[in-house]
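Here's the structure, in structure tokens; my notes come after.
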Amino acid sequence: MPVASRFQPFGTTVFSEMTQLAVKHQAVNLSQGFPDFDGPAFVRDAAIEAIRAGHNQYARMFGIPPLNDAIAARWNRLTGQNVDPNTQIQVTAGCTQAIPSVCLGLLNPGDEVIVFEPYYDSYRPCLAMADAVPRFVPLRWPDYSFDRDEVANSITDRTRAILINTPHNPTGKVYTRDELEFLADVCIRHDLLAITDEVYENLVFDGEHIRMATLPGMADRTITLSSLGKSFSLTGWKIGWVIASPDVIQGVRAAHQFLTFAVATPLQHGAVAALTAPETYYEEFVSQYRGKRDFLCEALEAIGFSVARPAGTYFILADHTPFGFDDDVAFCRHLVEEIGVAAIPPSAFYEHKEHGRSLVRFAFCKTDETLQHAVERLSALRPA
Ligand code: GLN
């Protein structure tokens with residue numbers, strides 16, 4: 001077996017697997033979360049312009065100066081903080097590459113990290129790369145709340161960090177202020193880092209996106225990860241970033257410089273155009289997505305699913321039990337092969353796979369026509 005033992009438990013990522021099946025069966029693809037429409041022309045044009053202007057060599061290791069400036073300026077405007085663009089920001093190849101940079105740069109072998117389950121699929125292998133140990137705390141259907149005692153009981157003298165994803169993929173949960181205050185208190189009392197993946201920060205429909213780094217006492221112990229892909233419908237650009245205290249960023253940079261050194265230069269110039277856009281861009285963006293969420297939630301309920309309406313992200317988790325399948329994998333196989341719609345079997349996001357068995361994840365980052373087409377096909381499902 002040529003695959004190194006540290007990766008053997010993880011197989012092929014479910015996103016590639018399901019998109020391949022969607023292509024094979026010509027299914028409407030509501031599995032992997034990427035838009036089937038293009039990002040804004042003003043951002044694409046800025047990248048094209050940068051290529052023409054000769055911005056084609058290695059970028060500065062931690063990000064081109066105007067991009068670090070733009071990330072810091074928006075962050076500081078939204079939070080009232082005074083993050084320094086040169087010492088507190090690292091630009092990464094998407095948030096997916098920020099995660100191993102954080103894990104490898106800041107965790108020692110045997111360090112424990114609290115991870116809420118379900119979790120985004122790459123967290124687990126990235127912790128494994130760093131020889132760090134996850135301690136799982138479940139988020140429970142249908143509101144995805146967690147038991148505070150379970151968090152408290154998971155802390156040991158090896159615990160180094162809590163990993164939080166808000167808004168949360170795949171559940172659509174947006175952590176409340178009360179929940180984050182509780183977790184902040186745990187971090188402060190036990191001297192832990194909070195690693196917060198906030199890539200869906202601009203996709204909140206109900207409630208408010210609270211940035212962990214803004215809670216009292218948390219600015220220096222929070223590592224905020226975000227990216228361009230979701231907010232600007234440019235997932236293929238792979239531009240992400242890390243915001244943290246100068247000490248913590250040094251750890252992230254220690255790993256980042258040897259993982260990829262620098263990120264695609266012209267696309268960073270495109271990202272500057274994106275991040276200097278007026279806030280009205282985000283208002284229009286979220287309002288379009290709210291319409292898509294409402295349409296798909298209502299349609300899925302009419303077809304017979306029970307739906308936990310997402311407060312954020314572009315994903316919906318639904319319960320497929322009424323259709324009589326053994327588990328999520330069998331249901332998703334039937335869906336892609338017989339119904340012509342691809343979705344994600346959520347057991348991929350669980351350590352305790354049984355908790356994902358009755359669920360299915362649909363992505364709604366698709367044109368209204370695509371969603372309509374998917375719903376027409378899903379209407380062929382019959383209760384068992
Ligand atoms: N974040 C996307 C999703 O959850 C997929 C990212 C990827 O394909 N690696 O669907």
Side-chain angles (χ1 to χ4, degrees), residues 7 10-23 27-37 39 92-103 115-129 139 144 163-174 195-204 225-241 259-260 263 289 292-293 296 308 310-318 328-329 332 335-336 341-350 356 359-367 370-371 374:
F7 289 112
F10 308 117
T12 302
T13 167
V14 68
F15 304 117
S16 301
E17 206 175 349
M18 291 315 300
T19 285
Q20 267 176 28
L21 282 176
V23 171
V28 181
N29 190 2
L30 305 191
S31 66
Q32 191 177 18
F34 64 89
D36 65 346
F37 47 88
T92 56
C95 183
T96 301
Q97 188 250 317
I99 297 163
S101 296
V102 166
C103 293
V115 178
F116 292 95
E117 186 181 14
Y119 50 81
Y120 183 59
D121 82 329
S122 80
Y123 298 163
R124 187 71 192 75
C126 287
L127 291 170
M129 282 188 247
L139 299 172
Y144 297 106
L163 176 48
I164 300 153
N165 170 212
T166 184
H168 182 263
N169 177 9
T171 66
K173 170 190 177 72
V174 175
I195 305 168
T196 67
D197 172 350
E198 305 187 11
V199 295
Y200 300 97
E201 62 182 314
N202 298 304
L203 276 171
V204 174
L225 316 183
S226 193
S227 74
L228 193 76
K230 277 73 182 172
S231 299
F232 287 87
S233 309
L234 294 165
T235 60
W237 281 26
K238 304 297 295 175
I239 299 284
W241 53 85
L259 285 173
T260 184
V263 173
Y289 267 101
K292 294 181 193 298
R293 176 198 66 164
L296 192 57
T313 76
Y314 47 48
F315 304 112
I316 297 171
L317 272 192
D328 59 324
V329 174
C332 286
L335 219 54
V336 74
V341 174
I344 296 284
S347 55
F349 303 118
Y350 284 90
L359 303 174
V360 52
R361 191 196 81 171
F362 295 103
F364 58 86
C365 44
K366 308 292 168 181
T367 63
T370 304
L371 294 176

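Counting starts at 1 for both ligands and their atoms, following the listed order. Side-chain atoms are counted along with the backbone in the values below, which use heavy atoms only and exclude waters and symmetry mates. Computed from a prediction, not measured in an experiment: that's the story for all the values here.
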> Considering only heavy atoms, which of Gln32, Lys238, Arg361 lies nearest to atom 8 (O) of ligand 1?
Replying inline: Gln32
> Taking the six-membered ring for Trp, are Tyr289 and Phe37 parallel (under 30°), tilted (30 to 60°) or perpendicular (over 60°)?
Replying inline: tilted
> Val360 versus Asp328: any side-chain heavy-atom pair under 4.5 Å?
Replying inline: no
> Which one holds for Tyr314 and ligand 1: side chain close, backbone close, both close, or neither close, with close meaning a heavy atom under 4.0 Å?
Replying inline: neither
> Counting each atom of ligand 1 from 1 as listed, which ones have a heavy atom of Phe315 under 4.0 Å away?
Replying inline: 3 (C), 4 (O), 10 (O)
>> Counting only heavy atoms closer than 4.0 Å, does ligand 1 sit against the backbone of Asn169, its side chain, both, or neither?
In response: side chain
>> So for ligand 1, is Gly33 a polar contact partner (N or O within less than 3.5 Å, distance only)?
In response: yes
>> Hydrogens and angles aside, do Thr13 and Ser16 bring a side-chain donor and acceptor to less than 3.5 Å of each other?
In response: no
>> Could you work out, with salt bridge (Lys or Arg N to Asp or Glu O under 4.0 Å) as the rule, every residue matching Lys230, not counting sequence neighbours?
In response: none
>> Within the 3.5 Å criterion, strictly below it, is a donor on Thr313 or Asn169 matched to an acceptor on the partner's side chain?
In response: no
> With a cut-off of 4.0 Å, which atoms of ligand 1 are near a heavy atom of Tyr200?
Replying inline: 1 (N)
>> Considering non-hydrogen atoms of the protein only, which is the closest contact for atom 6 (C) of ligand 1, and what is the distance?
In response: Tyr120 OH, 3.1 Å
>> ring-ring contact (aromatic ring centres under 6.0 Å, His included), that's the test. Do Phe15 and Tyr120 meet it? Break it down for me.
In response: CA-CA 11 Å; Phe15 304 117; Tyr120 183 59; 5.7 Å; yes
